[in-house]
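Worksheet: one structure, shown below.
First the proteins, then the strands, lettered A, B, ... as listed; each starts at 1.
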Amino acid sequence: MFNKMFNKILTLREKKDSSQNSQGQPKEERPLSSHIEDNLLALRQVFDLCADITFRELRLNAGNSPRAFIVFSDSLCDPTQINESILKPIMQEITALPAGLQLTQANLQQVILERLLNVGKAQTSTDILQLVHFVLEGQLALVIDGSSAAIIAGVQGMKQRAVDEPTTEPNVRGPRDGFVENLSTNLSLIRRRIRSSRLKIETAEAGALTRTKIAVCYIQGIANDKIVAEVKQRLRRINTDSVLASGYIEEFIADQSFSLFPLIQYTERPDRTAGSLLEGRIALVVDNTPSVLLVPCTFLPLMQASEDYSNAATFATFIRALRFIALNIALLLPALTVAVLSFHQDFLPTQLIETLSNTRQDLPLPIFVEIILMEFLFELLQEAGARLPQTIGQAVSTVGGLVIGQSAVSAGFISPVTVIVVALTAIASFTLPSYAAENSIRILRFAMIILAAVLGSVGIILGLMVILAHLCSLRSFGIPYLSPFAPLSLRDLKDSFIRVPWPLMKTRPRFFGAKEPIRQDPRQGPAQPDKGGKRP
Amino acid sequence: MLLFILVMATVILFVPGITAAKAKQSAWLVPLFLPVLTGFATLWTAWKLGQRFPQHTLAQYSVVLLGKAAGKLVGGAYILFFLVFNVLVIREFSQFLTLTVLSKTPHYILNIAIVLVGGYAAAKGIEVIARMTQFVLPFFVAGTLFIFVLAIPAMEPGKLLPLLEGGVLPIIRSSVTPASWYGEVIVLAMLLPAVNKPREAKSRGYLAILAVAGFLSVDTLITLGIFGPEFTGYLQFPFWNVAKYIEYGNYLQRVESVVAVLWITGMTIKVALVSYVLALATAQVLGLTAYRPALYPLALVQILAASYPLISMGELGEILGQYWPPYALIFELVLPLLLLLVALIRGKRREGPP
């Protein structure tokens, strides 16, 4: 049934695509001329008023000294590499070719390409527009008089941030490298971890103006082919002029753009990306973004930290339990406080309610208003802290936490209970490993508070049921969002609330459609000493 | 791609919900015998019919079997049945909550709330309802068991004696009401075409009925053991009172809030499921292509009917305990059996889509 649905979607898409292609404009082509003057003029026209594009005219030291020129962007290329690997060979070393090799007009280009340029990536191009694209990517184009093909050589040398620890997903024991903005660096971080030719990296481009490169990474034979095809299909469908960060892509390819929960996971951690790839998921690396997209995404990975796999299994299980409790506190604690204090005071033991009501005597505001106010204040503080430079951020926390919190209580404006509740909620929500999940909880928390104020605990439960219905209806690339809980897959619970030790992680999660289910042989721990006391 | 367990799980889920509120019978043996048989009979009939028409629902094959006019009439009757059924469930929900948790809230607010939530889930389709059930079920079972275990020390076994005091007759007589609850599995007749492993649906269904019977029996046993037969008969929500009775020191009190949580979740799913079935039946009888447009007007009708102010709590109890079960049993057992009989006589079956 699942497959059937997928096929249906795919065929629908294909039909749409083919119809679009037949109507779409033919691809523009402008072949290079064999006269160098024409080419120079055409390229100068294209790159008019582009201060970073450099033209350098020169003559080759061979035969009748043919004219030539190179075009490159001096902001994207490495100048030493241009001098050493391009200019030096074609201007000096060209005179010292092995004996018997006659340079002619006809073989000049081939000789340069095959024998002279010492760069790893070189090819030819016969189209001006293609050449322009290559130059804008940071490659160098060499055009020689009399030839209608240009040599393109890769000499990129862009400035980039060094690989450092990911700030949003810090870690105690595991690896500390994090993705940076550069696509090839990021790919190298992944490739370093999965040194198999089965790790496939396919590139695509999106954004008519930005022409952002996107790499689709998956492990052949483990990732579900249909999902891979679907991802590529959705990427192809993106029709926009700009993609500046992976967040743009995320909203274009997600199953629903308006869901409160993240339908695509993002991470800054290469180890996490590699782990997800090995589970049969697909990673989308977008150029100029340090966050890599992981699809399909279910609720579970949002509750897992990569640290869980470095820690002892028992401890990781404990931490996960803690995290699920924190999730509930972050979502429900303020709402529960409102419900209990304004509707069901009898639900609490008498002594506790006495203590509570003592602290709340003579307060001007009802508990609902109090909680909403303080939660709002907390959201303000959080946003201010996130946007301000780090040095000023400290001042915000002092002003917010100490001044407002403390003095609001001592002025008899807010009850200490409210401050405790809000603080607990805040701490609990910081415990969640995924920032995206935390954001959805932040919005839902307010909804729950309002429901609690209207219908008390009944409102909270009904609200939870709506959230549950919503979660159950979500799908990410065809995978039900609450897998492996609903639909239930007992086997896959081994990495959910609990984390079993690695030797027992016998199979890959089934719900991502892993084709090669067996990960490893489970019987590989060291032989246990016999308990019967048999000794040789 | 519906997982059938879920449908059956729903049945387990909601039936104790009702019983918890309405367990009036004075013998814990009641849920174990006669009602189980009627439940099995209903399930068997629904399944047999489903086998003959694997891609049809009850509303659709009744037309095939009885001809257009009579078939539509039966379909219409079922719509009415599901509608009244749902209205009663909604009314029970708000009644229970106003009596226990939210004493000052008007009924209609709670009615609107649950119809909205149930309708939201119903609009998402049967798959979502089924998944919700699957997710909630472990919590539901754990919560119920939790209360059972806590309540056992409070029981006085002497109150259960003498066993079978008045002979077997009272047990049979008081079986009608629980029998009609078990008969609620008739919703399966509307859902079978959506079940992805119909073969297993039957055995799972039997299992579900047995599990429900077990839970109800233990529930009644505990209630009787704590309150005795006389008092239990007067209680409106015995399970609630059982939970209220539980108290261990200063720490473990107010366990009844667990009951309230279980009740609300169970009722929400039940309303969602019945709303879905109701909308589906309506759409099929009226010949609509989708069930969703039928949801909204029906939701409005349900809210209005459930908020009908003239029914008092006592009357609701009477309706549920005395008047409703015989009617319900007609729709749950008699009519499906007749349909099956017609199918057998006329030898009709249809494998293809409607």
Side-chain angles (χ1 to χ4, degrees), chain A residues 1-6 8 256 298-299 328 332 336 339-340 342-354 451-475 478-490 493 496-497 511, chain B residues 1-3 5-6 9 93-94 96-98 100-105 109-110 112-125 127-138 194 196 244 247 249-257 260-269 271-272:
Chain A
M1 190 73 191
F2 170 69
N3 292 346
K4 226 197 245 167
M5 216 178 64
F6 236 124
K8 220 173 173 184
Q256 275 183 332
T298 60
F299 186 69
N328 284 312
L332 294 179
L336 274 177
V340 167
S342 49
F343 284 89
H344 328 282
Q345 304 205 333
D346 53 332
F347 266 30
L348 292 177
T350 331
Q351 283 183 337
L352 186 57
I353 199 73
E354 265 173 28
L451 277 176
V454 178
L455 279 177
S457 57
V458 181
I460 295 179
I461 299 167
L462 290 180
L464 282 178
M465 292 306 280
V466 171
I467 295 176
L468 181 63
H470 177 64
L471 282 173
C472 286
S473 71
L474 287 180
R475 277 166 177 282
I479 308 296
Y481 200 59
L482 278 186
S483 346
F485 306 118
L488 187 69
S489 166
L490 283 179
L493 288 181
S496 56
F497 296 118
F511 47 92
Chain B
M1 81 159 237
L2 173 79
L3 279 170
I5 326 166
L6 324 175
F93 169 83
S94 55
F96 171 78
L97 287 179
T98 43
T100 53
V101 194
L102 295 170
S103 48
K104 287 175 201 154
T105 311
I109 300 229
L110 292 167
I112 292 173
I114 190 154
V115 171
L116 283 183
V117 175
Y120 175 76
K124 296 266 182 194
E127 198 184 339
V128 167
I129 301 174
R131 292 238 181 85
M132 285 170 74
T133 316
Q134 195 174 33
F135 192 85
V136 166
L137 186 69
N196 67 352
K244 241 184 145 122
E247 194 176 314
N250 243 337
Y251 311 102
L252 206 58
Q253 294 177 329
R254 321 277 168 185
V255 189
E256 68 266 24
S257 51
V261 171
L262 296 182
W263 165 273
I264 298 168
T265 43
M267 284 311 233
T268 316
I269 290 181
V271 169

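For the residue pair B:Phe135 and A:Leu468, the shortest heavy atom distance occurs at CD2-CD1, 3.5 Å. Scanning both residues, A:Arg475 and B:Glu127, for their nearest heavy atoms gives NH2-OE2, 2.9 Å. Counting all heavy atoms, side chain and backbone alike, B:Ala113 lies closest to A:Leu455 at CB-CD1, 3.7 Å. A pairwise comparison of heavy atoms in B:Val128 and A:Cys472 identifies CG1-CB, 3.8 Å as the closest pair. A pairwise comparison of heavy atoms in A:Leu462 and B:Ile114 identifies CD1-N, 4.4 Å as the closest pair.
Residue contact with chain A, scored on non-hydrogen atoms closer than 4.5 Å, is absent for B:Leu116. With a threshold of 4.5 angstrom between heavy atoms, A:Leu482 approaches chain B through side-chain atoms but not through N, CA, C or O.
Contact check for B:Arg131 versus A:Pro480: side-chain heavy atoms found under the 4.5 Å cut-off.
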With side chain to side chain contact (heavy atoms under 4.5 Å, CB included) as the test, would you mind laying out the steps for B:Phe93 and A:Val458 before giving the verdict? CA-CA 11 Å; B:Phe93 169 83; A:Val458 181; 4.2 Å; yes

